[in-house]
Amino acid sequence: MNNKVMLIGVGGVGTVVAHKLAQNTDVFSKIMLASRTVSKCDALAQVLKNKYGVDVETAAVDADDVPALTELMRDFKPDIAINTALPYQDLHIMDACLAAGVNYLDTANYEPLDEAHFEYSWQWAYHDRFKQAGLCAILGCGFDPGQTGVYTAYAAKHHFDEIQYLDIVDCNAGDHHKAFATNFNPEINIREITQRGRYYENGKWVETDPLSVHKTLTYPEIGGKESYLLYHEELESLVKNFPSLRRARFWMTFGQEYLTHLRVIQNIGMARIDEVEYNGMKIVPIQFLKAVLPNPQDLGENYSGYTSIGCRIRGLKDGKERTYYIYNNCSHKAAYDETGMQGVSYTTGVPAMTGAYMFLTGKWTGAGVFNVEQFDPDPFMRKVAESGLPWHEKFDCDLEL
């Protein structure tokens with residue numbers, strides 16, 4: 001196949017995606033790495049050349065500069081653009097894709113820069129424009145969101161007549177040996193977990209105070225970990241696409257030391273996303289904090305332990321209640337040995353490549369804007385397992401929820 005792919009953003013997730021693209025040149029025959037800092041692209045390109053013998057192109061571009069990004073796309077003519085830049089930039093990249101006639105895929109939904117709030121409405125609003133252009137936009141194709149949506153679709157297709165209860169559970173049982181660090185962009189991470197919790201039940205959304213609902217859940221080969229109810233974007237699309245759901249929730253693990261640091265950061269105002277004046281200039285406290293915290297890309301070398309992410313589902317099959325647990329455990333060390341990145345970046349990057357692979361091989365098709373659970377899960381499940389994220393199933397077990 002003679003396909004071109006443009007990868008926008010070469011942080012931790014983008015680095016993993018780049019490795020996976022280079023491992024699949026039968027489909028991704030020409031690769032461009034594009035970032036605001038072209039030196040990062042050049043350094044990664046050299047790694048890919050040394051490790052896989054693959055030549056990739058690089059370019060400097062500001063993803064917020066729609067005309068410049070459009071011009072770059074028109075010049076390179078990619079068949080699909082993979083967006084691993086910041087969620088604030090999603091709409092700008094979608095605009096450039098429409099202008100240049102390029103298909104689109106991302107790993108996280110849009111959120112405005114000035115508000116810690118995210119929902120799919122902004123991107124779903126692009127559906128008609130992508131459909132009229134004959135282009136496909138695939139939203140949220142990381143792990144959560146992403147693979148968790150595919151897991152749900154797979155369960156609905158093969159194991160349930162009616163899915164009624166869904167709990168997405170995300171455990172990072174790794175140790176990066178830092179006093180405090182976030183596993184992906186600190187600004188995005190802290191904004192996400194400090195907002196109010198929210199879950200879906202009996203046809204409506206129920207809000208909770210941040211991190212106020214929690215319980216100990218047992219994760220395979222890891223054990224019991226305190227897990228906190230958060231709002232996460234895939235809940236919005238899953239309750240829309242699986243209307244039989246009576247309840248849908250998202251849980252994530254946090255250690256007490258992490259939560260203590262987070263509480264202090266909030267209490268002293270360093271989690272603020274509005275501008276403050278300092279020495280005659282305007283700064284955003286959380287952006288300053290990002291500059292002094294450890295770079296998530298640098299955590300991998302000494303990271304030990306595993307992530308465990310999956311879906312715990314209850315519903316009906318042949319008129320009888322059934323429970324089902326599907327999950328992946330990912331080794332931080334194995335991820336680092338392969339890509340130089342830790343497991344959180346790995347579990348997001350592998351599905352992103354897989355989604356692009358599905359599109360370019362004709363397994364996922366359509367014109368418009370789609371969430372991953374709207375496509376056939378089977379070919380994705382096969383490819384993602386081959387690509388480093390094997391999955392496991394448990395039937396009719398105690399879900400602890």
Side-chain angles (χ1 to χ4, degrees), residues 3 5-9 11-21 24 27-28 78-87 89-91 93-94 97 102-111 118 120 122-124 126-127 130 135-154 168 170 184 188 232-238 240-241 250 309-311 328 330 344-389 391:
N3 294 308
V5 58
M6 177 183 289
L7 176 63
I8 304 169
V13 174
T15 296
V16 174
V17 175
H19 277 264
K20 291 300 175 179
L21 294 174
N24 289 274
V27 170
F28 306 107
D79 296 282
I80 192 168
I82 300 176
N83 168 17
T84 56
L86 295 172
Q89 299 172 310
D90 288 1
L91 302 187
I93 297 173
M94 292 179 78
C97 284
V102 175
N103 299 288
Y104 172 87
L105 180 145
D106 66 30
T107 64
N109 75 354
Y110 172 75
E111 62 179 282
F118 44 85
Y120 276 118
W122 290 290
Q123 291 180 278
W124 284 344
Y126 278 66
H127 177 76
F130 269 81
L135 298 172
C136 183
I138 301 170
L139 307 184
C141 196
F143 204 117
D144 46 345
Q147 194 150 325
T148 51
V150 178
Y151 281 171
T152 305
Y154 183 82
I168 297 170
D170 184 329
F184 56 95
I188 304 300
H232 225 239
E233 62 225 62
E234 65 264 47
L235 297 180
E236 182 184 15
S237 67
L238 288 169
K240 175 185 176 184
N241 291 316
F250 182 96
I309 314 173
C311 296
N328 164 267
C330 178
V344 176
S345 294
Y346 192 87
T347 54
T348 306
V350 176
M353 177 282 295
T354 306
Y357 191 100
M358 291 299 100
F359 177 76
L360 292 177
T361 55
K363 304 295 193 305
W364 286 5
T365 60
V369 174
F370 303 94
N371 293 90
V372 295
E373 65 268 18
Q374 294 176 265
F375 298 108
D376 182 5
D378 292 3
F380 182 100
M381 294 284 278
R382 289 190 292 269
K383 180 61 179 175
V384 84
E386 294 170 1
S387 301
L389 295 178
W391 41 275

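Since the structure is predicted, the reported quantities are computational estimates derived from the model, not experimental observations.
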* Would you indicate whether the side-chain heavy atoms of Val372 and Met358 approach each other to under 4.5 Å? => no
* Would you name the heavy atoms of Met353 and Ser387 that are closest together and state the gap between them? => CE-OG, 3.5 Å
* What is the ring orientation for Trp124 with Tyr120, classed by angle as parallel under 30°, tilted 30 to 60°, or perpendicular over 60°? -> parallel
* Taking the side chain as every heavy atom from C-beta outward, state whether Leu21 and Ile82 have any pair of such atoms under 4.5 Å apart. => yes
* Structure fact -> When every non-hydrogen atom of Gly149 is compared with those of Leu238, the smallest separation belongs to CA-CD2, 4.0 Å
* Hey, are the side chains of Asp144 and Phe250 touching, using non-hydrogen atoms and a 4.5 Å cut-off? -> yes
* Measure the CG-CD distance between Asn109 and Glu236 for me, rounded to the nearest 0.5 Å. => 7.0 Å
* Is the shortest heavy-atom distance from the side chain of Lys383 to the side chain of Thr361 under 4.5 Å? -> no
* Distance from Met381 atom CE to Tyr151 atom OH, nearest 0.5 Å? -> 6.0 Å
* To do: Indicate yes or no for a side-chain donor-acceptor contact from Asp376 to the backbone of Asp378 under 3.5 Å, with no hydrogens or angles considered.
  => yes
* To do: Of all the heavy-atom pairs spanning Gly366 and Cys136, show the shortest one and how long it is.
  => O-CB, 3.1 Å
* First locate atom OG1 of Thr354, then atom CG of Leu389, and finally report the distance between them rounded to the nearest 0.5 Å. => 7.5 Å
* **Nearest heavy-atom neighbours spanning Thr347 and Ile309** => OG1-CD1, 4.2 Å
* Ile168 vs Glu234, side chain to side chain contact (heavy atoms under 4.5 Å, CB included): CA-CA, chis, key distance, verdict -> CA-CA 9 Å; Ile168 297 170; Glu234 65 264 47; 3.5 Å; yes
* Asked: Taking the side chain from Thr84 and the backbone from Gly9, do they hold a donor-acceptor pair closer than 3.5 Å?
  -> yes
* Decide yes or no for Gln374 and Asn371: does some side-chain heavy atom of the first lie under 4.5 Å from some side-chain heavy atom of the second? => yes
* Is the backbone N or O of Leu105 less than 3.5 Å from a side-chain atom of Asn83, with the two atoms forming a donor-acceptor pair by type? -> no
* Structure fact -> Rounded to the nearest 0.5 Å, the CG atom of Asn103 sits from the OG1 atom of Thr365 at a distance of 11.0 Å
* Nearest 0.5 Å please: distance from the CG atom of Asp90 over to the OG1 atom of Thr107. => 8.0 Å
* **Asn3 side chain to Phe28 backbone, donor-acceptor under 3.5 Å** => no
* To do: Apply side chain to side chain contact (heavy atoms under 4.5 Å, CB included) to Glu373 and Thr152, showing your working.
  => CA-CA 7 Å; Glu373 65 268 18; Thr152 305; 5.7 Å; no
* Return the minimal non-hydrogen interatomic distance between Leu139 and Tyr104, and the atom names on each side. => CD2-CE2, 4.0 Å
* Got Thr148 and Phe143 here, is their nearest side-chain heavy-atom distance under 4.5 Å? -> yes
* Minimum heavy-atom separation for Ala108 to Pro87, with atom names? -> CB-CG, 4.3 Å
* Asked: Between CD of Gln123 and CD of Glu233, what distance do you get to the nearest 0.5 Å?
  -> 8.5 Å
* Find out whether Tyr154 and Gln147 are in side-chain contact, i.e. whether some heavy atom of one side chain is under 4.5 Å from a heavy atom of the other. => no
* Asked: Pick one: which of Tyr357, Phe380, Phe359, Phe370 meets ring pair (Phe, Tyr, Trp, His ring centres under 6.0 Å) with Trp364?
  -> Phe380
